Visitor: 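A single structure is presented below for examination.
Chain identifiers are assigned alphabetically (A, B, ...) following the order of the sequence lines, protein sequences preceding nucleic acid strands; residue numbering begins at 1 within each chain. Please read these numbers as outputs of a predicted model, since none were measured by experiment.
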Number of protein chains: 2
Amino acid sequence: MAKKQIKKSYHHGHLRDALINAALKLIEKKGVKGLTLREIAKHAKVSHSAPYRHFKDKADLLTAVAVEGFETLVKETHKRFETVSGDPLSRFRESGLAYIDFAIAHPSHFRVMFGLGENRQQTPPALKKASGESFRILLDSIMACQEKTYIKAGDPMELALCAWSIVHGFATLYIEGYIKKYDYEGNQRLKEMITDNLYLGLHIKP
Amino acid sequence: MAKKQIKKSYHHGHLRDALINAALKLIEKKGVKGLTLREIAKHAKVSHSAPYRHFKDKADLLTAVAVEGFETLVKETHKRFETVSGDPLSRFRESGLAYIDFAIAHPSHFRVMFGLGENRQQTPPALKKASGESFRILLDSIMACQEKTYIKAGDPMELALCAWSIVHGFATLYIEGYIKKYDYEGNQRLKEMITDNLYLGLHIKP
DNA sequence: AAAATAATGTTGACACCGGCAACATTATTT
DNA sequence: AAATAATGTTGCCGGTGTCAACATTATTTT
């Protein structure tokens, strides 16, 4: 509720969040490549050097944006769980579809979430945590499915990795333009086919 | 064979290729992000503006690098086909493993091959063609498998997309550091598990 | 063969970018 | 009230992509 302050003071008050939001807006509009620290600062109505009081450098800001992405992905996935039966298999399936839909809805944001690697020595802890929580959803639903023998036995970690791979691969190929021949309904079908093929691979009973 | 010329002339002779090679070397060493047009030119012993006689801009050069990547991927896949039985199922499997191994062996190059999308209006024709030839391998082996009823019936295009998705997703997640807990042998196992899970999804007979 | 033209490479400039240091202003602690 | 920390600004630096103007060489035309 400390949001509607009249901005008159020298200090901004919520600059860190404002910068992340500005970055998000600019990313959606102009993509990651054209994203500039100075333009972000300008949008937050602050000088070009101000961001350095809140972020070590540009990559650090982008890491925060990526974290934000994983967090909203988790939120949206949970929201979609409520629109579907409590059956663990339905949840498993829904988590994959939510992942793909998120990527398609926010391609640039999605790229930031995964396009930071770039010879990085190691993943920043905040990012590791956020992405881990997203992965956790997949892992949990797989284990729940295993308990009901919907999914074959085996290291759930590895099975989850397989599941993640297929939805991530599809999402990536889609937003990079390698899957285009199908209109929206066609893609809807494709998405389902992907999860179905995966299920066949992990299923016990058809 | 026109390669061993004494370089003394004002004109370079093979500058286009030289630039692509220089870019490849620099990409392997310093990653995509740190890649600079001026440094590429310097490595090719040419002024910072010379590349513009052969490429429209930096993105155009990177597109050429991406094309080169798909071409060598195709070559390496064919090479590996010779190390394996002529059975279409073995070839199908080998094409997936070759894809993953290529990405792991040349992560930066792989990123260039897929990291250009970035709100691109449409894929450049040369890139579309090169990537299409790579996809063609997958498509052909799937159709060959279908003829022998190794793989279930259905639009081979969609099945190939599923196969591509899973290996591409795994490769991407691996090089971005999201799959790290396993040493090399472990990953070998994982790679095989991925293709195996995929096969179970596409198989007719176990 | 000479001249005209095209292709290819160089130099120098421009605006912009990320990042840093030095300084200004405001919050917080002592 | 004074000292200190936090936060924001200004000005600068080297480096980058790109372009225009110019230089040199290759190719085509006459």
Side-chain angles (χ1 to χ4, degrees), chain A residues 2-3 5-23 25-27 29-66 108 112 115-116 118-120 124, chain B residues 2-3 5-23 25-27 29-66 108 112 115-116 118-120 124:
Chain A
K3 269 220 160 174
Q5 285 180 344
I6 307 278
K7 218 251 305 281
K8 56 192 162 194
S9 62
Y10 186 85
H11 284 178
H12 185 287
H14 310 281
L15 185 51
R16 203 191 126 95
D17 289 346
L19 289 170
I20 294 178
N21 286 334
K25 238 174 241 168
L26 288 173
I27 280 173
K29 204 197 312 180
K30 314 182 28 176
V32 188
K33 225 150 230 164
L35 187 68
T36 184
L37 211 46
R38 289 168 111 101
E39 198 172 0
I40 295 171
K42 191 180 294 177
H43 262 245
K45 305 206 186 292
V46 109
S47 84
H48 68 262
S49 255
Y52 287 90
R53 302 295 161 184
H54 299 270
F55 302 99
K56 184 177 147 291
D57 52 20
K58 189 185 180 184
D60 193 33
L61 201 172
L62 285 186
T63 297
V65 172
S108 292
V112 172
L116 298 173
E118 197 53 42
N119 294 0
R120 190 169 38 191
Chain B
K3 268 218 162 176
Q5 287 181 343
I6 307 278
K7 217 250 308 280
K8 55 192 163 193
S9 61
Y10 186 84
H11 285 177
H12 185 287
H14 309 282
L15 185 51
R16 203 192 126 94
D17 288 347
L19 288 170
I20 293 178
N21 287 333
K25 239 174 238 168
L26 288 172
I27 280 174
K29 206 197 309 179
K30 317 183 26 178
V32 189
K33 227 152 228 164
L35 188 68
T36 184
L37 210 47
R38 289 168 111 103
E39 199 172 358
I40 295 172
K42 192 181 294 177
H43 262 245
K45 304 205 187 294
V46 108
S47 86
H48 68 262
S49 253
Y52 285 89
R53 302 295 160 185
H54 299 270
F55 302 98
K56 184 177 146 293
D57 52 21
K58 189 184 179 185
D60 193 32
L61 202 173
L62 286 186
T63 297
V65 172
S108 292
V112 173
L116 297 173
E118 197 54 41
N119 291 2
R120 190 167 39 190

Visitor: Tell me the interatomic distance from B:Lys33, atom NZ, to C:dG19, atom C1', rounded to whole angstroms.
Guide: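 Nearest whole value for this atom pair: 17 Å.
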Visitor: Quick one: pull up CD1 in B:Ile40 and CG in B:Asn21 and give me the separation to the nearest 0.5 Å.
Guide: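 Interatomic distance, B:Ile40 CD1 to B:Asn21 CG, rounded to 0.5 Å: 11.0 Å.
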Visitor: State which residues pass side-chain hydrogen bond (donor to acceptor under 3.5 Å, both in side chains) with A:Lys30; sequence neighbours excluded, sorted by chain then number.
Guide: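 A:Lys30 satisfies side-chain hydrogen bond (donor to acceptor under 3.5 Å, both in side chains) with A:Glu39 once adjacent residues are dropped.
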Visitor: Of all residues at least two apart in sequence or in a different chain, which pass the side-chain hydrogen bond (donor to acceptor under 3.5 Å, both in side chains) check with A:Lys25?
Guide: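 Checked A:Lys25 against side-chain hydrogen bond (donor to acceptor under 3.5 Å, both in side chains); zero matches.
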Visitor: Whole Å only: how far is the CD1 atom of B:Ile40 from the C1' atom of D:dG15?
Guide: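 Spelled out: CD1 on B:Ile40 to C1' on D:dG15 is 15 Å.
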Visitor: Show which side-chain atoms of residues 51-58 of chain A pair as donor or acceptor with protein atoms under 3.5 Å away, not counting sequence neighbours.
Guide:
residue: A:Asp57; atom: OD1; partner: A:Ala59; partner atom: N; Å: 3.3
residue: A:Asp57; atom: OD1; partner: A:Asp60; partner atom: N; Å: 3.0
residue: A:Lys58; atom: NZ; partner: A:Leu35; partner atom: O; Å: 2.9

Visitor: Kindly give the heavy-atom pair with the smallest separation between B:Gly31 and B:Ser108, and that separation in Å.
Guide: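 Scanning both residues, the minimum pair turns out to be CA-OG, 3.6 Å.
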Visitor: With the criterion being N/O to N/O and under 3.5 Å, what pairs connect the protein with nucleotides 17-20 of chain D, and how long is each?
Guide:
residue: D:dG17; atom: OP1; partner: B:Leu37; partner atom: N; Å: 3.0
residue: D:dG17; atom: OP1; partner: B:Lys58; partner atom: NZ; Å: 3.2
residue: D:dG17; atom: OP2; partner: B:Thr36; partner atom: OG1; Å: 2.9
residue: D:dG17; atom: OP2; partner: B:Leu37; partner atom: N; Å: 3.0
residue: D:dG17; atom: OP2; partner: B:Arg38; partner atom: N; Å: 3.3
residue: D:dG17; atom: N7; partner: B:Arg38; partner atom: NH1; Å: 2.4
residue: D:dG17; atom: O6; partner: B:Arg38; partner atom: NH1; Å: 3.1
residue: D:dT18; atom: OP2; partner: B:Tyr52; partner atom: OH; Å: 2.9
residue: D:dT18; atom: OP2; partner: B:Lys58; partner atom: N; Å: 3.0
residue: D:dT18; atom: O5'; partner: B:Tyr52; partner atom: OH; Å: 3.1
residue: D:dT18; atom: O4; partner: B:Arg38; partner atom: NH1; Å: 3.4
residue: D:dC19; atom: N4; partner: B:Ser49; partner atom: OG; Å: 2.3

Visitor: To the nearest 0.5 angstrom, please state how far the OG atom of B:Ser49 sits from the CZ atom of B:Arg38.
Guide: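 Separation between the atoms: 7.5 Å.
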Visitor: Within this structure, what is the CG-to-C1' distance between B:Leu62 and D:dT16, rounded to whole angstrom?
Guide: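 About 14 Å, once rounded to whole Å.
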Visitor: B:Leu15 CG to C:dA7 P: how many Å, rounded?
Guide: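 Between P of C:dA7 and CG of B:Leu15: 16 Å.
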Visitor: C:dT11 C1' sits how many Å from B:Lys42 NZ, rounded?
Guide: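 Computing the B:Lys42:NZ to C:dT11:C1' distance gives 16 Å.
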Visitor: Could you state the CZ-P distance from A:Phe55 to C:dG18, rounded to the nearest angstrom?
Guide: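 The answer, rounded to whole Å, is 14 Å.
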Visitor: Determine the minimum heavy-atom distance between B:Ala23 and B:Val65, stating which atoms define it.
Guide: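 Of all heavy-atom pairs spanning B:Ala23 and B:Val65, the closest is CB-CG2, 3.9 Å.
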Visitor: What residues form a side chain to side chain contact (heavy atoms under 4.5 Å, CB included) with A:Ala66, not counting sequence neighbours?
Guide: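 Partners of A:Ala66 under the side chain to side chain contact (heavy atoms under 4.5 Å, CB included) test: A:Val112, A:Met113, A:Leu116, A:Leu127.
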Visitor: Output the rounded distance in Å from CG (B:Leu26) to C1' (D:dT16).
Guide: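 Atom CG in B:Leu26 sits about 15 Å away from atom C1' in D:dT16.
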Visitor: Can you list the stems that include DNA chain C, where a stem is three or more consecutive Watson-Crick or G-U pairs with distances under 3.5 Å?
Guide: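 Ordered by first number, the stems with DNA chain C (at least 3 consecutive pairs each) read C:1-30 with D:1-30.
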